[in-house]
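First the structure, in the form of structure tokens, and then the observations on it.
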Amino acid sequence: MTEFLIKSTVALCVLLSAYYLLLEKEKFHQFNRFFLLGSLAISFVIPFVTIEIIQEVSAVTTSSVAIPGKITAQIIEEKTPFYVLLGWILYAIITTVLFVRFINNLNKMMNKMKSGVRIKHQNATLVLLKEQTLPYTFLNTIFINEDDYQNKKIESELFTHELIHVNQKHSWDILLIEITKTVFWFNPIFIFYKKAIQLNHEFLADEKVVKSHNDVSFYQNLLLTKANQSPIYYLASNLNYSVTKKRLIMMTTTTSVSRGLFKKTILLPLLTGLVYFLCTKTVAQETKSKTTSENEIAKKPTRTESYYDKTTFKIKDDKGVVVTEKKFKELTPAEKKVVPNIFTDSKISPTTKEELDKKLEKGGPETVEIDLYDPKNQKVKKEEGSIYKSIDLTENPDYPGGMAEFYKFVGQNFKTPLTPADVKLKGRIYITFIVEKDGKLSDFKLLRDIGYGTGEEAIRVLKLSPNWTPGKVNGEPVATMYSLPITIQADK
């Protein structure tokens, strides 16, 4: 609820500010009417829209940790704090009072529609009242003073003005904003929206009067003469509503096509930026070729391991002299990084699955020389303070004792949050962090969560981790970006 209120309020404020800055003083009132109403609709829809921006995690070192679910059938009843309960009670009381007030005013208007003499006039119904009043409109009814009507003291400009309110159904806009204000009474932004909507209604009516009667000076003087002669009904369209300098100036204002088009065009990037700011969420996307679970790693050797299973690797020192021989599984992480990739070797590049299986069955060459000091195996150092990815390293960061020990550490420390009995936690959490030059972990970022506090718990466990062996470039420790998918699997 809090997130909805924050996002909708931000959208409401941004769009209303755009209206005041770009549109209010321009003479495209129909567009402005639907912009204001559309702003209300957009602001209530935006909090429910989520646009996911996919962030690939294959570019950094990844591992997968499977955490068995620790889920209990017991449902923990959470007690609502007293102040929260008090707040809801207060909200309910005030909302009820305002709703009763709204219904009461609506009922008064409906009764008034039935109380006087009713006369059909074009698309509207005139209701003649005994009380002294200027014409005002509600729905398709125009209320006027009976004596003024009988004695023909009501100027035709006033009839035209009120008929515009009827024909364009302005009362429905006012009812909409009043209902919204009743529900969200604690948000003052809707007060400004109502003022903007009602003033725009007057702009629309004034524009039609000026076009129909073609006497701006007379109409302006008429409005000034009639101003403040009767009370304002807050559910009705009132002739004397906000007879201000804005209305009088607007009657003589002209808006060029180019300026109008320019201002309307500015709204497009504004709306795009608003949606991007409020609706986008960065999530991680697993690349299967580079992220496998711990069990998959343990059960099935990689294609590279299978291919080089019988190969002997001759390791050279910094002088180019072979100092030892190893099998693939005995190679250090740094040495494995410079092993020739079987898929980039043009001589064995397979075109079909059958060819690939045949090459893997045949295996690699009898011997392969590994020279870590060869310039082609050295990486270019970045400027001081840079964050490296695994592709930039000669040695990847590692947990003390290997990743198997890391899996054990996480499994022992991760506490799956309690959930209702009908909820089975299952899925992956994606977290990125930095393995600093001294092996400490920092800058934790949660890219994807499955809820119930699992992401926060994963970060808590990572903060408990002992220092890692840092990533290295040409033997020198560097800060490295690391991505960690944690698999949560509920107990069956």
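Keep in mind the model is a prediction, meaning the values are calculated, not measured.
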Would you say [X]'s side chain and [Y]'s backbone share a donor-acceptor pair under 3.5 angstrom?
X	Y	value
Lys169	Leu139	no
Asn145	Glu131	yes
Arg118	Leu128	no
Arg460	Asn413	yes
Asn200	Ala196	no
Thr280	Phe277	no
Tyr193	Leu12	yes

side-chain contact (heavy atoms from CB on, under 4.5 Å) between Leu199 and Glu24: does it pass, once the steps are laid out? CA-CA 9 Å; Leu199 182 58; Glu24 186 190 39; 3.8 Å; yes
What's the spacing between [X] [atom1] and [Y] [atom2] if we round to 0.5 Å?
X	Y	atom1	atom2	value
Ser212	Tyr219	OG	OH	10.5 Å
Leu267	Leu274	CG	CG	11.5 Å
Ser8	Ile46	OG	CD1	9.5 Å
Ile142	Thr137	CD1	OG1	4.5 Å
Leu158	Leu163	CG	CG	11.0 Å
Leu441	Ser465	CG	OG	4.5 Å

Can you find a side-chain donor-acceptor pair between [X] and [Y] that sits under 3.5 Å?
X	Y	answer
His161	Glu202	yes
His213	Thr160	yes
Trp185	Thr182	no

For residues [X] and [Y], report the shortest heavy-atom separation together with the two atoms involved.
X	Y	answer
Asp438	Asn467	O-ND2, 3.6 Å
Ala205	Ile164	CA-CG2, 3.7 Å
Phe433	Val435	CE1-CG2, 3.8 Å
Pro470	Glu436	CB-O, 3.5 Å
Leu129	Ser115	CD2-OG, 4.2 Å
Ile189	Cys13	CD1-SG, 4.0 Å

Is there a side-chain contact between [X] and [Y] (heavy atoms, below 4.5 Å)?
X	Y	result
Leu15	Phe35	yes
Lys246	Phe203	yes
Val117	Val127	no
Phe138	Leu175	yes
Ile387	Ile434	yes
Thr253	Met250	yes
Leu126	Phe143	no
Leu223	Arg247	yes

Would one find more than 12 heavy atoms of other residues, nucleotides or ligands at under 6.0 Å from atom [atom1] of [X]?
X	atom1	result
Phe4	CZ	yes
Asn107	CG	yes
Phe444	CZ	yes
Asn214	CG	no
Lys264	NZ	yes
Phe99	CZ	no

Is it true that [X] and [Y] make a salt bridge, defined as a side-chain N closer than 4.0 Å to a carboxylate O?
X	Y	value
Glu457	Lys415	no
Glu3	Lys7	yes
Lys263	Glu26	yes

Name of the residue among Ile197, Asp173, Ile177 meeting side chain to side chain contact (heavy atoms under 4.5 Å, CB included) with Leu36: Ile197
Test Lys27 against Glu207 for salt bridge (charged side-chain N to carboxylate O under 4.0 Å, His left out), laying out the working first. CA-CA 9 Å; Lys27 209 162 187 175; Glu207 182 180 35; 5.2 Å; no
Between Phe192 and Tyr20 (judged by ring centroids, cut-off 6.0 Å), do the two rings come close enough to count as a pair? no
Under 6.0 Å between ring centres: does that hold for His121 and Phe159?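 Yes.
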If you apply the rule side-chain contact (heavy atoms from CB on, under 4.5 Å), what do you find for Leu204 with Lys208, and how did you get there? CA-CA 6 Å; Leu204 285 164; Lys208 183 65 176 178; over 6 Å; no
Relative to each other, are the rings of His170 and His201 parallel, tilted or perpendicular (30° and 60° limits)?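 Taking His201 first and then His170, their aromatic rings lie parallel (interplane angle under 30°).
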Which label fits Phe184 and Phe186: parallel for a plane angle under 30°, tilted from 30 to 60°, or perpendicular past 60°?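 Answer is perpendicular, since the angle exceeds 60°.
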Give the intermediate values and the outcome of side-chain contact (heavy atoms from CB on, under 4.5 Å) for residues Val10 and Leu278. CA-CA 9 Å; Val10 169; Leu278 296 177; 4.1 Å; yes
Kindly indicate, with the supporting measurements, whether the criterion side-chain contact (heavy atoms from CB on, under 4.5 Å) is fulfilled by Ile93 and Tyr91. CA-CA 6 Å; Ile93 292 173; Tyr91 170 79; over 6 Å; no
